[in-house]
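Read through the structure below, which is laid out as structure tokens, and then see the notes.
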2 protein chains.
Amino acid sequence: MAFHKKEAFSQREQDLAAFAKAMSHPARIAILKVLAQRNECICGEIVEVLPLAQSTVSQHLKELKTAGLVKGETDGPRSCYCINWKAFEKFNTELGFLFKNLKMANEKSCC
Amino acid sequence: MAFHKKEAFSQREQDLAAFAKAMSHPARIAILKVLAQRNECICGEIVEVLPLAQSTVSQHLKELKTAGLVKGETDGPRSCYCINWKAFEKFNTELGFLFKNLKMANEKSCC
DNA sequence: CTCTTCTATCGTATATTTGCGATATAAGAT
DNA sequence: ATCTTATATCGCAAATATACGATAGAAGAG
């Protein structure tokens, strides 16, 4: 009766799923967009833009950081977040690879 | 105290998040891979390949179907699933668009 | 030191997801 | 009609996610 048997799947599948999971909430996508709009580390205007409480935004940021999509350095009272572009590109290609595989397999779409 | 205030975000963000959510579980990625490996509608070998109970697999398939990533016709005792390639491509480009935006914004990576 | 500001974390409530067994359903076989 | 087979759905239990307010902590301003 072990719940969440993710360990039963391949590492690659787990990684891809973890990446997708990090993007599976509109708030986190919005955060990524905000981070992208600025060309420098942003310290907290995110809270003002999003319709969420500060603690909730902080939590979402933590999840993005844990997933590796975002880098952050907390320097005392203000912290500094920006997109971890390398990880992003890695997952993008990984995703593209899956898409390509799917496409090739489904060229002769059946239904 | 309204939970899950997804409606507070743009439709595009919600759509992208919903797509990511559908892919946010290794089992569902594995299912997509199985569907892709066969070049025709698959009628149920998925359960044999995955380390999950039949009812659980059926549930995952339903989620993929609801998310629009998979098309399926249940013809009595056996059903027929295959990848909804159009929806997949749409979301792929959508995702690629986000990635591109992110990349352009982060050319001069700050940290 | 005290106050302010910004952010992280804790505690908590609720909602959703995940998983399974049991059961229903639907069509073909006997 | 009954049995078999394949799949979907129901009902439940446990885990996770989501959200917020309250609080803690860290650094600069006064």
Side-chain angles (χ1 to χ4, degrees), chain A residues 1-9 13-14 17-31 34-35 41-67 69-82 111, chain B residues 1-9 13-14 17-31 34-35 38 41-67 70-82 111:
Chain A
M1 215 166 296
F3 286 74
H4 273 105
K5 32 167 65 180
K6 295 181 179 171
E7 64 287 342
F9 297 91
E13 287 164 347
Q14 288 184 53
F19 171 71
K21 191 174 192 172
M23 309 252 314
S24 73
H25 196 287
R28 289 195 284 273
I29 290 184
I31 288 175
V34 174
L35 285 177
C41 282
I42 194 179
C43 300
E45 303 112 69
I46 307 174
V47 178
E48 296 169 24
V49 181
L50 295 201
L52 295 171
Q54 178 267 324
S55 57
T56 308
V57 172
S58 188
Q59 228 172 330
H60 280 304
L61 276 167
K62 192 182 178 184
E63 281 174 71
L64 285 171
K65 200 174 169 183
T66 304
L69 297 190
V70 150
K71 289 186 290 183
E73 301 163 6
T74 91
D75 299 337
R78 54 192 66 199
S79 36
C80 165
Y81 284 105
C82 60
C111 52
Chain B
M1 211 167 293
F3 286 76
H4 272 106
K5 31 168 67 181
K6 294 181 178 171
E7 64 287 343
F9 297 92
E13 287 163 349
Q14 289 184 52
F19 171 70
K21 191 172 189 174
M23 309 250 316
S24 73
H25 196 288
R28 290 194 284 273
I29 291 185
I31 287 175
V34 174
L35 285 178
R38 319 282 197 274
C41 281
I42 195 177
C43 298
E45 304 110 71
I46 308 173
V47 179
E48 297 169 22
V49 181
L50 296 201
L52 295 171
Q54 178 266 326
S55 56
T56 309
V57 172
S58 187
Q59 228 173 329
H60 280 304
L61 276 166
K62 191 182 179 184
E63 281 174 71
L64 285 171
K65 200 174 169 183
T66 304
V70 149
K71 290 187 288 184
E73 301 163 6
T74 90
D75 298 336
R78 54 191 64 198
S79 36
C80 165
Y81 284 107
C82 61
C111 53

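None of the values given here were measured: they were computed from a predicted structure. Just so we're on the same page: letters track the sequence lines, and every chain starts at 1. Heavy atoms only: backbone and side chains are in, while hydrogens, waters and symmetry mates are out.
With rounding to the nearest 0.5 Å, the separation of CD in A:Glu45 from CG in A:Leu35 is 9.5 Å. Of the inter-residue distances, the one linking B:His25 atom NE2 with A:Gln14 atom CD reads 9.5 Å to the nearest 0.5 angstrom.
Following rounding to the nearest Å, B:Leu52 (CG) and C:dT18 (P) show an atom-to-atom distance of 11 Å. One interatomic measurement links the two molecules: NZ of B:Lys21 to P of D:dT18, which rounds to 7 Å at whole-angstrom precision. A straight line from CD of B:Gln14 to P of D:dT18 spans 14 Å, rounded to a whole angstrom. Between the CD atom of A:Gln54 and the C1' atom of C:dT9 there is a distance of 10 Å, rounded to whole Å. Between the P atom of D:dA6 and the CD atom of B:Glu48 lies a distance of 8 Å, rounded to the nearest Å. In this structure, A:Leu64 places its CG atom 14 Å from C1' of D:dT18, rounding to the nearest Å. A straight line from CD1 of B:Ile46 to P of D:dA6 spans 14 Å, rounded to a whole angstrom.
For the pair A:Phe9 and A:Lys62, both in contact range of DNA chain C, the more 5′-proximal nearest nucleotide belongs to A:Lys62. Across the interface with DNA chain C, nearest-nucleotide mapping of B:His25 and A:Ser55 shows A:Ser55 to be the residue nearer the 5′ end.
OP1 or OP2 of D:dA8 lies within a sub-4.0 Å distance of a side-chain N or O belonging to B:Ser79. Residue B:His60 places at least one side-chain N or O under 4.0 Å from the OP1 or OP2 atom of C:dG19. Between B:Ser58 and D:dA8 there is a side-chain polar atom (N or O) within less than 4.0 angstrom of OP1 or OP2. An OP1 or OP2 oxygen of D:dA8 is reached within less than 4.0 angstrom by a side-chain nitrogen or oxygen of B:Tyr81.
A donor-acceptor pair is defined here as one N or O able to donate and one able to accept, closer than 3.5 Å; no such pair exists between the side chain of A:Arg28 and the backbone of A:His60.
No side-chain heavy atom of A:Val34 sits under 4.5 Å from any side-chain heavy atom of A:Tyr81. Looking at heavy atoms from C-beta onward, B:Pro51 lies in side-chain contact with A:Phe9 at the 4.5 angstrom threshold.
A:Lys65 comes within 4.0 angstrom of no nucleic acid atom, judged by non-hydrogen atoms across all strands. Using a 4.0 Å heavy-atom distance criterion, A:Gln59 is classed as a base contact.
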